[in-house]
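Down below is the structure, laid out as structure tokens.
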Amino acid sequence: MVKGKITGLSVKDVRFPTSLGQHGSDAMHTDPDYSAAYVVIETDAEDAIKGYGLTFTLGKGTEIVVCAVKALSHLVVGRNLEDIVANFRDFYRQLTSDGQLRWIGPEKGVVHLATAAVLNAVWDLWAKQEQKPLWKLLVYMTPEQLVSCIDFRYITDVLTEAQALEILQNGKQRQEAREEHMVKHGYPAYTTSCAWLGYSDNQLQKLCADALKEGWTRFKVKVGADLQDDIRRCKLIRDMIGHDNELMLDANQRWDVNEAISWVKELAVFKPLWIEEPTSPDDILGHGTISKALAPLGIGVATGEQCHNRVMFKQFLQARALQYLQIDSCRLGSVNENLSVLLMAKKFNRCVNMWIIYTNTLNTL
């Protein structure tokens, strides 16, 4: 039973000097310091449980997200948690539709990153009060409860509330078996940790060997800065992991459309499953052109890490511009908006890869 009035919302600028070791480096972000705007929500409930949420950043600019969180706090502090979860759609819309703050969005950029951090903290607080991990809270909500958390504004031409309800009701028929399978076998994942762009070949080999010993079967390689370097590094990784394991590529938005097509064709010999973020994250039609050109080679297109909102994902799906959706609860409007994208992906029969948070929900909804 959720309870308590929200009495406080604080936010911290947390940064890690990952750039010193080239950890997280790619073709567009050569010196990232992995960071977060970290939100803590407190209530007057006797259990004194706090909700924690974050949004991901790369160092500089985190202070701007912190300012945006503080600007949103007046919409949160003083609210009863029970009222929020009873009408979560309305609360989501209040945060994303503030008459003045939405001008610097709407539902995109810094203000949406801040919204994600706040909502992530609310979901964390709710799950803790229910004494469940978040994925289990979601899985055991009724279809009607799940649908009530989603803002369908701007996507009803693709997914109506009635259609979403039907998808979720049909999914309930096999839910227990899927949950049992996931608890027993785990959720499929890949590693990028052995193939950041700034790593030496010796470092790549060592980290890849360690990952294989740990049981990893899916490996992502950062590409895009230099073609010959990419060929050498992809060959090194493919030779180490063999052809029974999956290899994926990630260009982090480095190329123009035609450049992306020609570059990936040169890497096709290594049989990658997908090319991630081959061009501007906003270029929906460009992704469609790349997807069509690479389809005969059996290479899919993945994107979404910097996709602003459900509307953009709707258009990516309508344009048949990707095969793999990559959603992030720190980029989209938390679980609420992720739910809408998951359901649209289900309708379009597209795979979903969730980048940071709430990965266990996908196969059990």
Side-chain angles (χ1 to χ4, degrees), residues 26-28 96 105-109 112-113 116 150-164 166-167 190 220 223-224 248-268 272-334 336-356 362 365:
D26 60 56
M28 291 295 280
T96 58
E107 296 185 76
K108 64 173 71 73
H112 212 43
L113 294 176
I150 300 170
D151 186 353
F152 287 90
R153 183 164 53 180
Y154 309 134
I155 63 171
T156 54
D157 53 323
V158 162
L159 181 74
T160 66
E161 186 169 340
Q163 291 169 336
E166 182 180 4
I167 291 171
Y190 65 78
K220 191 169 78 173
V223 298
M248 294 87 82
L249 309 175
D250 186 356
N252 289 94
Q253 315 153 35
R254 180 63 182 255
W255 304 313
D256 283 352
V257 172
N258 291 332
E259 185 182 19
I261 294 168
S262 61
W263 200 299
V264 176
K265 283 184 175 179
E266 292 291 329
L267 301 177
L273 177 64
W274 74 54
I275 174 64
E276 181 178 336
E277 288 195 318
T279 191
S280 166
D282 297 339
D283 190 354
I284 295 167
L285 297 182
H287 278 82
T289 299
I290 296 167
S291 178
K292 185 176 180 179
L294 297 181
L297 300 175
I299 302 173
V301 169
T303 196
E305 183 179 311
Q306 293 202 18
C307 186
H308 301 302
N309 51 50
R310 64 195 180 282
V311 180
M312 283 194 67
F313 272 115
K314 178 189 75 169
Q315 293 176 350
F316 271 111
L317 290 166
Q318 288 174 314
R320 308 286 176 181
L322 47 68
Q323 286 70 49
Y324 302 92
L325 282 78
Q326 298 179 305
I327 59 176
D328 179 3
S329 285
C330 296
R331 173 69 61 177
L332 295 177
S334 188
N336 308 73
E337 196 162 29
N338 269 351
L339 288 171
S340 67
V341 178
L342 282 166
L343 289 164
M344 286 191 289
K346 177 68 173 178
K347 182 176 179 180
F348 281 85
N349 194 30
R350 286 292 185 266
C351 298
V352 177
N353 164 44
M354 284 179 269
W355 188 52
I356 290 184
L362 172 62
L365 281 178

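Predicted model, so just to flag it, every value in this text is computed and none were measured. Values below: all heavy atoms of this structure, side chains included; hydrogens, waters and symmetry mates excluded.
A heavy-atom distance below 4.5 Å is not found between the side chains of Phe313 and Ile284. Looking at Val158 and Gln163, their side chains never come closer than 4.5 Å, going by heavy atoms from C-beta outward. Counting only heavy atoms from C-beta outward, the side chains of Ser280 and Gln253 never approach each other to under 4.5 Å. Side-chain contact check for Val257 versus Ile290: some heavy-atom pair is nearer than 4.5 Å. Taking the side chain as every heavy atom from C-beta outward, Pro272 and Met248 never approach each other to under 4.5 Å. Side-chain contact between Val352 and Ile327 is present, with heavy atoms from C-beta onward closer than 4.5 Å. Contact annotation: the side chain of Ile150 never approaches that of Asn336 to less than 4.5 Å [non-hydrogen atoms, C-beta and beyond]. Between Ser340 and Phe152, the closest side-chain pair of non-hydrogen atoms is not below 4.5 Å.
No donor-acceptor pair closer than 3.5 Å links the side chain of Glu337 to the backbone N or O of Ser334. A donor-acceptor contact shorter than 3.5 Å links the side chain of Thr289 to the backbone of Leu285. Side-chain atoms of Gln323 come within 3.5 Å of backbone N or O of Val301 as a donor-acceptor pair. In this structure a side-chain-to-backbone donor-acceptor pair under 3.5 Å is present from Glu259 to Asp256. Between the side chain of Thr156 and the backbone N or O of Leu159, no donor-acceptor pair lies under 3.5 Å. Using a distance-only test at 3.5 Å, with no hydrogens or angles considered, a donor-acceptor pair links the side chain of Arg254 to the main chain of Ala27.
Defined by atom type and a distance below 3.5 Å, a donor-acceptor pair is missing between the side-chain atoms of Thr303 and Gln326.
The CG atom of Asn309 lies 6.0 Å from the CD atom of Glu107; values are rounded to the nearest 0.5 Å. Rounding to the nearest 0.5 angstrom, the gap separating the CZ atom in Phe316 from the CG atom in Leu322 is 6.0 Å. Here CD of Glu305 is found 11.0 Å from SG of Cys330. Values are rounded to the nearest 0.5 Å. The distance from atom CZ of Arg310 to atom CG of Leu342, rounded to the nearest 0.5 Å, is 14.0 Å. Taking CE from Met344 and CG from Leu339, the interatomic distance works out to 11.0 Å, rounded to the nearest 0.5 Å. Here Leu267 contributes atom CG and Leu249 contributes atom CG; the two are 6.0 Å apart, rounded to the nearest 0.5 Å.
No more than 12 heavy atoms of other residues, nucleotides or ligands lie within 6.0 Å of NZ in Lys346, so this atom counts as exposed by the packing criterion. The neighbour count for Lys292 NZ, taken as heavy atoms of other residues, nucleotides or ligands under 6.0 Å away, does not exceed 12.
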Notebook entry, point to check: Which is it for His112 and His308 under the side-chain contact (heavy atoms from CB on, under 4.5 Å) test, yes or no, and what are the steps along the way?
Noted result: CA-CA 8 Å; His112 212 43; His308 301 302; 5.8 Å; no

Checklist line | Intermediate values then yes/no, side-chain contact (heavy atoms from CB on, under 4.5 Å), Arg320 and Arg350 | finding: CA-CA 10 Å; Arg320 308 286 176 181; Arg350 286 292 185 266; 3.9 Å; yes

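With respect to the salt-bridge test (charged N to carboxylate O, under 4.0 angstrom), the residues Glu276 and Lys220 qualify. Salt bridge Lys314/Asp157: present, at least one basic N to carboxylate O contact under 4.0 Å.
Annotation for Ser329 and Ala116: closest pair O-CB, 3.4 Å, computed over non-hydrogen atoms. Between Pro281 and Glu277, the shortest heavy-atom distance links the atoms CB-OE2, 4.4 Å. The two residues Ala251 and Pro278 come nearest to each other via the heavy atoms CB-CA, 4.3 Å. Residues Asp283 and His287 approach most closely at O-ND1, 2.8 Å, considering heavy atoms.
Aromatic ring orientation, Trp274 versus Tyr324: tilted (interplanar angle from 30° to 60°).
Looking at Val264, Ile261, Asp250 one by one, the single match for side chain to side chain contact (heavy atoms under 4.5 Å, CB included) with Ile275 turns out to be Val264.
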